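Residue numbers start from 1 in every chain, and the chains themselves are labelled A, B, ... in the order their sequence lines are given, proteins ahead of strands. Keep in mind the model is a prediction, meaning the values are calculated, not measured.
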Amino acid sequence: MAYDFKSAEAKWQAKWEQSGVFHAVDFSEKKKFYALVEFPYPSGAGMHVGHIKAYSGLEVLSRKRRKEGYNVLFPIGFDAYGLPTENYAIKTGIHPRIVTDKNIEKFSSQLKRVGFSFDWDRVIDTTKEDYYKWTQWIFLKMFEHGLAFRDKTLVNYCPSCKVVLSNEDSQGGKCDICHSDIIQKSKDVWYLRITAYADRLLQGLDKVDYLPNVRLQQENWIGKSTGAFVNFKIKDTSETLRVYTTRPDTLFGVTFMVMAPEHPMLDQYKDRISNFAEVEAYRAASAKKTEFERTQLVKDKTGVKLSGFSAINPVSGKEIPIFISDYVMMGYGTGAIMAVPAHDQRDYDFAKKFGADVVEVIKGGDIEKEAYTGDGEMVNSGFLNGYTNKKDSIAAMVKFLEEKGVGEAGVQFKMKDWAFNRQRYWGEPIPIVYCDDCGMVAVPYEELPLKLPKVENFAPGSDGESPLAKIPEFVNCTCPKCGKKARRETDTMPQWAGSSWYFLRYIDPRNTERFAARDKLDYWGMVDWYNGGMEHVTRHMIYSRFWHKFLYDLGEVPYDEPYAKRTAQGLILGPDGDKMSKSKGNVVDPNDVVDVFGADVLRTYVLFMGDYEKAAPWSESSVKGCKRFIDRTWGLLDILTDGEGYSKELESAFHKTVKKVSEDIENLKYNTAIAALMTLLNTIYDKGSVTRGELFTFISLLDPFAPHVCEEINEKLGCAELQATSAWPTYDPAKCVDDEIEIAVQINGKVRARLMIPADCGSDAAVSAAKENADVQSFIAGKTVIKELYVKGRLVNIVVK
RNA sequence: GCGGAUGUGGCGGAAUUGGCAGACGCGCUGGCUUCAGGUGCCAGUGAAUGCAAGUUCAUGUGGGUUCGACUCCCGUCAUCCGCACCA
């Protein structure tokens, strides 16, 4: 009889839910295992098959762990604050709350149809009051500890629209909406001081098991560099200009200095700088440049030489000019550099254009042509002359600077503080009040959550302010400190806030007293295995590690690092090989696949289609292959014979497959695990019959991938216990090897024959067996044997001349 | 520019980490079943050459190490992904 996946899948999904087998048990005696997948953003488009692949990896592992006797926490939730929902609301006038609830319902039903073994009792939604109460709570703790602060920074701003624009919306220096010129405006924004944790975020990577490229991307993002700070005296003042450099040993080669146009010292000394008008004109011009222009015009350096404002080289005592140029960024280092044109290509380009001196201090290149950045002997460098090792010369110079009191060793990070506020409606309100007398005051903890009020119009105001600013009942309040009239902060938190701690809430999702009870945090501990997309490695992953470390410092969580292990799945591309997108119309809807082929086929295919960590295109016809596999598995019932154990012919095949599947699942090699099961299935059909014991083992192995058909067969076999809770099969290593094996016989490295020998055959016996072979003899006849070797279980190679 | 990854049949991909290249699946060809389409089942399927047993060539490309290289080393080309005037 044909397998009716529709009724079987609905039936088993209902049974799993009724029996509660996938519920994680707090404080269970069993060993715990916490598997985490990145929770989805519930967009209106619904899920696509990429989500299914992302969850199927740890789904298989979770099901295996339960069978192995673990108490598994495998939760799911929704990261529901964000722009797409808000934009949809602006367009349609439907409230984001309604849209979000509808989308979450759709996502949930899609996930349930696939039969994922999530603990649905622990579902969370970041936009619910009982959740974001704690997001706000963590923010306030950061505020209390000085990690949340306001600062002025440069942003893209359209003076006509009175709105802050992103770089994408301000290309070519024109406003995307009104086409007037964009200016860089300094604006007061909220920051989280993630840089305070830069070093620990880097060092913490030693304690965890992340995929190498995940780790590397985080290291690059944090971008630690070691070097030195050097203070250059400004001529005829008591002022010093401080710079950061990774090569303090090239100090004798410094022939000028460059400051960022926005450097505050310029304003301080505008009376001394006789061409300050030029400075201001340059500032205006460079402020107009977009990020795009700045990076595209790398070769073409611009700048202004300051008149009446020069520096003294601390090692040579020579006077050197100071320039301003936008190739120096205010946001990195000190906003000023010492230029070593002979050994830095950017400085070299600038020196050539502005006629500055080029002094070679490291031998080995041709500084007539270009800057030399390699290693070599130090020259023209006073006490450093003769040094050939970079490390030594840097150390010697740093020692000199520190003794003279004109500099010291130091480190810099590329990572910047996290700009944290958005002028948007659909996000967590920032729980801060502005009081004329008291300044910024935190909303008292007992008043959390600070609820997001209902509004009618979700569009940001023409002044670039959040829609919340238009609600007097929300804005106007009293100062929690002095009781006088005050104003609320009207901006909301960014998309990334709620996801920065969600893995902790799963541990105790309904707690009203704390974000999670301490004893439960102690029990569940770190996330044992976290899987998600590469696109979240440098933002969500870093942000959430930062929040977690902060909570650890407060003593609120037991571990410093949140995730013990991190992996990432590859994308599913459209059938055309392009990235799936709505505009290209190549998106595959999991519902369609479930309708036509069933959930088991979908689950099996997304893991079988290729290397789990690599991108692979969707192929409708390959899906059919998995459909056949599921149907043929069902068909085993037709060739069922009595017998609990393995038949003699299949015994070693079963032991080998149990081993292979067990190991492959642990190593994300789902595709070869499924291939091994297909091979075993073919072997069974070749034999023509299957014992009850064999079939039971087969479905036990397949169950994590295709649980519905396995439960159905399990029931047909008369098993009272659910397949979901039955034990994972074990294997005997001794039975994974055959008594007799086939080896290849090579002559001069080329395969000329194959023969069967006993597995425990020794080297001499194998070689002489090979030589007895007629084919082999014809190849060695009349030639001299130079060398004979036997690789155990693999081959014999005879080298002849 | 810097960093990382990848390159294997018509396609997705395997290869115990230096040991029989192409597992498994798709597709294709032929056959059986069928009024027919689909399903299902059986056989074949890297290329060249040969009636055939076979032989030769093949893992982007050029060299090298080795009895033996998809795997290690040096060079080179292509594609993809990060970061990007980071001092």
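With distances taken from any side-chain atom of Trp221(A) to the nucleotides C83(B), G19(B), G40(B), the minimum falls on C83(B). Among G12(B), G4(B), C85(B), the nucleotide with an atom closest to any side-chain atom of Tyr327(A) is C85(B). Among the nucleotides G3(B), A87(B), G12(B), the one closest to the side chain of Met329(A) is A87(B). Counting only heavy atoms from C-beta on, Gln217(A) has its side chain closest to G82(B) among G82(B), A15(B), G19(B). Residue Ser622(A) places its side chain closer to G25(B) than to any other of U16(B), G25(B), C85(B).
Pairing of U45(B), defined by two Watson-Crick or G-U wobble distances under 3.5 Å, is identified with G27(B). Remark: U66(B) base-pairs with no nucleotide in the shown strands. Criterion, Watson-Crick or G-U wobble with two distances under 3.5 Å. Under the Watson-Crick or G-U wobble criterion, with both distances below 3.5 Å, C83(B) is paired with G1(B). Base pairing of G9(B): no nucleotide in any strand meets the Watson-Crick or G-U wobble criterion (both distances under 3.5 Å). Nucleotide C35(B) has no partner under the Watson-Crick or G-U criteria, as no pair reaches both atom distances under 3.5 Å. The partner of A52(B) is absent, by the rule that a Watson-Crick or G-U pair needs both atom distances under 3.5 Å.
At most 12 heavy atoms of other shown residues, nucleotides or ligands fall within 6.0 angstrom of atom NZ in Lys579(A). Within a 6.0 Å sphere centred on NZ of Lys390(A), other residues, nucleotides and ligands contribute 12 heavy atoms or fewer. Within a 6.0 Å radius of CG in Asp764(A), no more than 12 heavy atoms belonging to other residues, nucleotides or ligands are found.
In this model, no donor atom of one side chain and acceptor atom of the other lie less than 3.5 Å apart for Glu38(A) and His540(A). Side-chain contact, Asp347(A) with Tyr327(A): a donor N or O sits under 3.5 Å from an acceptor N or O.
The base of C26(B) does not come close enough to the side chain of Lys624(A) for any donor and acceptor atom to sit less than 3.5 Å apart.
Taking atom OH of residue Tyr210(A) and atom P of nucleotide G82(B), one finds them 21 Å apart after rounding to whole Å. Here the P atom of nucleotide G4(B) and the CD atom of Glu535(A) are 22 Å apart, to the nearest Å.
Using atom P as the reference point in both G30(B) and U8(B), the two lie 29 Å apart (nearest Å). Only the P atoms considered, G25(B) is 11 Å distant from C41(B), to the nearest whole Å. Nucleotides A53(B) and A14(B) have their C1' atoms positioned 30 Å apart, rounded to a whole Å. Between the P atoms of A69(B) and A43(B), the separation comes to 34 Å (whole Å). Spacing between C72(B) and U59(B) at atom C1', rounded to whole Å, works out to 16 Å.
Classified by its glycosidic torsion, U59(B) falls in the anti category, the angle being over 90° from 0. With a glycosidic angle no further than 90° from 0, G9(B) counts as syn.
Salt bridge Asp349(A)/Lys353(A): absent, no basic N to carboxylate O contact under 4.0 Å. The pair Glu219(A)-Arg215(A) counts as a salt bridge, with a side-chain nitrogen and a carboxylate oxygen less than 4.0 angstrom apart.
Proximity of Ile630(A) to Phe597(A): side-chain heavy atoms (C-beta onward) are nowhere separated by under 4.5 Å.
Remark: Tyr244(A) is not in phosphate contact with A87(B), judged by side-chain N or O atoms under 4.0 Å from OP1 or OP2. Between Asn213(A) and the phosphate of G3(B), there is no side-chain N or O to OP1/OP2 separation shorter than 4.0 Å. For the pair Arg632(A) and G40(B), the criterion of a side-chain N or O lying under 4.0 Å from OP1 or OP2 is not met. In this model, the phosphate group of G27(B) is approached by a side-chain N or O of Arg628(A) to a distance below 4.0 Å at OP1 or OP2. Contact check, Arg215(A) against G4(B): no side-chain N or O comes under 4.0 Å of OP1 or OP2. In terms of phosphate contacts, Arg247(A) brings no side-chain nitrogen or oxygen within less than 4.0 Å of OP1 or OP2 of A87(B).
A cation-pi arrangement is absent between Lys301(A) and Phe350(A) under the rule of less than 6.0 angstrom and at most 45 degrees off the ring axis.
Listed by residue number, the members of residues 657-671 of chain A with any heavy atom below 4.0 angstrom from RNA chain B are Lys669(A), Asn671(A).
Among the heavy atoms of the strands lying under 4.0 Å from Asn797(A) is at least one base atom, whether or not backbone atoms are also near. The residue Glu788(A) sits apart from the nucleic acid: no heavy atom pair falls under 4.0 Å.
Heavy-atom nearest nucleotides on RNA chain B were determined for Tyr612(A) and for Asn748(A), and the one closer to the 5' end corresponds to Tyr612(A). Along RNA chain B, the nucleotide closest to Gly223(A) and the one closest to Gly610(A) are compared, and the more 5′ of them pairs with Gly610(A).
Between Tyr605(A) and Trp618(A), the ring planes lie perpendicular to each other; the angle is over 60°, past the 30° to 60° tilted range.
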